[in-house]
Protein chains: 2
Amino acid sequence: MSKPSRRSRGSITVQDVAREAGVSAMTVSRVVNGGTNVREATREAVLAAIAKLNYSPNSAARSLAAGEATQIGLLYSNPSAAYLSQFLIGALAAARRAGCHLVLEACEGERPEEQAEATRGFVQTHVQGVILPPPLSESGPVRAELEAAGIPWVSVAMGLPPEGSLNVRIDDFAAAAAMTRHLIDMGHRHIGFIRGNPNQTSSAERYRGFCAAIEEAGLELAAMPVEQGFFTFRSGIVASEAMLDLPKPPTAIFASNDDMAAAAVGVAHRRGLHVPQDLSVVGFDDTALATTMWPELTTVRQPIAAMAEAALTMLLDELRAPVRTDHAEQVLAHQLIVRESCAPPPKA
Amino acid sequence: MSKPSRRSRGSITVQDVAREAGVSAMTVSRVVNGGTNVREATREAVLAAIAKLNYSPNSAARSLAAGEATQIGLLYSNPSAAYLSQFLIGALAAARRAGCHLVLEACEGERPEEQAEATRGFVQTHVQGVILPPPLSESGPVRAELEAAGIPWVSVAMGLPPEGSLNVRIDDFAAAAAMTRHLIDMGHRHIGFIRGNPNQTSSAERYRGFCAAIEEAGLELAAMPVEQGFFTFRSGIVASEAMLDLPKPPTAIFASNDDMAAAAVGVAHRRGLHVPQDLSVVGFDDTALATTMWPELTTVRQPIAAMAEAALTMLLDELRAPVRTDHAEQVLAHQLIVRESCAPPPKA
DNA sequence: CAACTTTCTGCCAACGTTGTCGTCCGCCGT
DNA sequence: ACGGCGGACGACAACGTTGGCAGAAAGTTG
């Protein structure tokens, strides 16, 4: 017997499967991927051999041979940690299936130069494509830098994506409208709205959704208190205080994200208002925060992990496409999550 | 000119660098990794060529040729989302440097069979090693399954790791003692403690640290209210209510994690107690929650990302070691984060 | 200066997979 | 019945890197 090889990992390869099934390695490969032009009997034999030997393809060899994109960038700034972890889970799952690596890069700064800088650091590491979760999906400097380097990117969760961009999102407008309708259906007629950070188009879309539902119900939009927030907990405190200081405070507050909703609940408690008996509060995003507060928050759930997966898949399709596809958009379904922070308004 | 190759990626390879530097590909490889036995002049020439051509090694080819471990499992259950995102960031960074893939698997269930099941699913995907963040780092079924399959693993953040295990952690005992001392230094003499989930040894260690600091200060341990919690927000509510219902409630509450501390703050607010004027509350972990509440939480920060990196590195060392190293342990530094939820006790 | 040791460096093969292209076989139409 | 055609499959090379070995260069000693 010849000594096998100096550095054999002893793992099962296509060759082993091919021998077992009595076919060639190429046929095994064909069965494993897609499997066009393989006779049914052959396929079954191969599948049986795979099962018997417990074969799993070597992803390194696969990437090498196929010459596929292997480094995908993910530029994150500081969305809520809960958002990021869900996002990473989805992206990782898709990346592993595709056999590519995720390259993370943090971009903490707000300033344009900082964002451009982080992006350049990225370009130099030879990533073939970039995924941009919010709020960076809307950052001008980042996109300009990628454009200049000729690197394709996918924006995630933009409210209103520009024409010709690759993006994955939910329908912020419809979700916000549905939430507003839920409040109206409960009997609220005086609803405060805390807007999101204006640097994201989803803020505007959510506000639009709110307005549309109000008018659709025949209520007077101008009578609704609206405060500007910035998606941060602190901005939520300021906005809610302003709202509750009004001569006629609202009976419900719709905050554009969970952090600000949590702030509203905190402010209400501090003023001796009970939630939801005295004041209903609802949020948006369904982050972990929504269930680590009391009462638990009624909110809108985005399928974050699924959005990340869709983004990565879209990006890989783009990279592997022989010709540049001009534009792709995917809108995933959101979900209204009803918990305990919302009740009919107190009797006047 | 000969047409290059049917599937040339046009990327820079070692060959290009070698040609540019006037050496062989092997020498380039040696310079890139470690660079033992290369003359200084040669090294410089190679580095110059690398810089000039902007070369970056192909990780797929590298993994393939070196035959290194490429699939590392990460079995996560449901620690706080903030914890997981930090953990993933650290693990991903290390994984990319090492050129290996992270395989995630969720393990939501509490029941032993569910945990064993999730682990088996893992074993079948041919992961070479597994990282176990808390609370799974202490799960008997998971570890038994891995042991049976002969897959090495690294436990992260166990309080008191067993002999002969690979693990990365902080000193929970010292951290809890330091936090307790901080409260005592502020003047508190009557401090309540909410214990963590008994399924994790870090809970016991944190409690030990608390006790040690109390006795060290000459206070009577038996006089301190202690309630059992389970690291969840809800368990924190129950524990804090019990504590504040006491005839002589404590002036400060030390919760074994941030979620339970947030619950304590919520309960206090609901009873009209101001934090920190009437009651000080401190937590442990420094998750995102600590800064999305009001007041912001004094807590202990674990270097989560660094722990994940250390765990992955340790695991790879283990896998590549020719002989099984018997035992490795790494204790990273924690940090006391002082914020606003803590003040001297009210005058009696 | 010769003989020997040590440090460097290059050639070849191998890692496990997929793309290309050619061959073979059977089926169909005429 | 024969030529053509297309589907199924295999042989071979290539992907970019690293390990083993051998040979060259440099340094050391008598």
Side-chain angles (χ1 to χ4, degrees), chain A residues 2-19 21-46 50 53 55-71 98-101 126 320 322, chain B residues 2-19 21-46 50 53 55-71 98-101 126 320 322:
Chain A
S2 64
K3 133 173 72 170
S5 161
R6 65 209 140 97
R7 49 181 158 154
S8 148
R9 252 74 82 212
S11 58
I12 311 292
T13 76
V14 267
Q15 303 296 344
D16 301 317
V17 176
R19 198 169 21 247
V23 298
S24 77
M26 193 58 225
T27 301
V28 175
S29 174
R30 271 190 277 256
V31 170
V32 172
N33 331 349
T36 54
N37 288 354
V38 176
R39 224 181 337 169
E40 197 52 36
T42 313
R43 176 203 309 287
E44 276 165 20
V46 171
I50 287 176
L53 297 178
Y55 163 77
S56 82
N58 177 321
S59 69
R62 180 182 288 205
S63 305
L64 179 58
E68 288 171 342
T70 60
Q71 310 262 74
C100 68
H101 283 220
H126 302 279
R320 286 168 193 174
Chain B
S2 62
K3 132 174 71 168
S5 161
R6 61 209 144 101
R7 51 181 154 152
S8 151
R9 251 74 82 211
S11 58
I12 309 291
T13 76
V14 269
Q15 305 295 345
D16 301 317
V17 176
R19 200 170 17 248
V23 297
S24 77
M26 193 57 224
T27 301
V28 175
S29 174
R30 271 189 277 256
V31 170
V32 172
N33 332 347
T36 54
N37 286 355
V38 177
R39 222 184 337 168
E40 198 51 34
T42 312
R43 175 204 310 288
E44 277 165 20
V46 171
I50 289 176
L53 298 178
Y55 163 77
S56 81
N58 178 321
S59 69
R62 181 183 287 206
S63 306
L64 178 58
E68 289 172 343
T70 62
Q71 311 262 75
C100 67
H101 282 221
H126 301 280
R320 286 167 192 175

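Hydrogens, waters and symmetry mates play no part in the numbers below; they use all other heavy atoms, side chains included. Sequence lines set the chain letters: A, B, ... in the order given, protein chains first and strands last, and positions in each chain run from 1.
- Note that the two end axes of the helix from C:dC1-D:dG30 to C:dT30-D:dA1 enclose an angle of 30°, each drawn from 5 base pairs, rounded to 10 degrees.
- Neither OP1 nor OP2 of D:dT17 sits under 4.0 Å from any side-chain N or O of B:S63.
- For A:L64 and D:dT18, the CG to C1' distance is 12 Å, given to the nearest whole Å.
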Would you be so kind as to tabulate the donor-acceptor pairs closer than 3.5 Å made by side chains of residues 25-34 of chain A, with sequence neighbours excluded?
from, atom 1, to, atom 2, distance (Å)
A:T27, OG1, A:S24, OG, 3.4

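- The nearest whole Å value for the distance from the CZ atom in A:R19 to the P atom in D:dC9 is 19 Å.
- For the pair A:N33 CG and C:dG16 P, the computed distance is 17 Å after rounding to whole Å.
- If you measure from atom CD of A:E40 to atom P of D:dC9, you get 10 Å, rounded to the nearest angstrom.
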Worked check of side chain to side chain contact (heavy atoms under 4.5 Å, CB included) between A:T13 and A:N58: CA-CA 8 Å; A:T13 76; A:N58 177 321; over 6 Å; no
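- Contact between the side-chain N/O atoms of B:N58 and the OP1/OP2 oxygens of D:dC15 is not found at any separation under 4.0 Å.
- Across every non-hydrogen atom of A:Y55 and A:I12, the tightest pair is CD1-O, 3.5 Å.
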Letter per nucleotide, 5' to 3', of nucleotides 4-10 of chain C [B base touched, S only sugar-phosphate touched, - untouched; heavy atoms, 4.0 Å]: ----SBB
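- Nucleotide C:dT17 holds its C1' atom 16 Å from the CD1 atom of A:I12, rounded to whole Å.
- Taking side-chain N and O atoms only, B:S29 has no distance below 4.0 Å to OP1 or OP2 of D:dT17.
- Here the P atom of nucleotide D:dA14 and the CZ atom of A:R62 are 22 Å apart, to the nearest Å.
- Atom CD in B:Q15 sits roughly 13 Å away from atom P in D:dA14 (whole-Å rounding).
- The side chain to side chain contact (heavy atoms under 4.5 Å, CB included) check on A:A45 picks up nothing, with sequence neighbours excluded.
- Taken to the nearest 0.5 Å, the NE2 atom of A:H126 stands 9.5 Å off from the OG atom of B:S11.
- Atom CG of A:L64 is separated from atom CZ of B:R62 by 13.0 Å, given to the nearest 0.5 angstrom.
- In this structure, A:Y55 atom OH and C:dG16 atom P are separated by 10 Å, rounded to whole Å.
- Proximity of a side-chain donor or acceptor of A:S59 to a complementary backbone N or O of A:G99 within less than 3.5 Å is not detected.
- In terms of the salt bridge (charged side-chain N to carboxylate O under 4.0 Å, His left out) criterion, A:R39 has no residue partners (sequence neighbours excluded).
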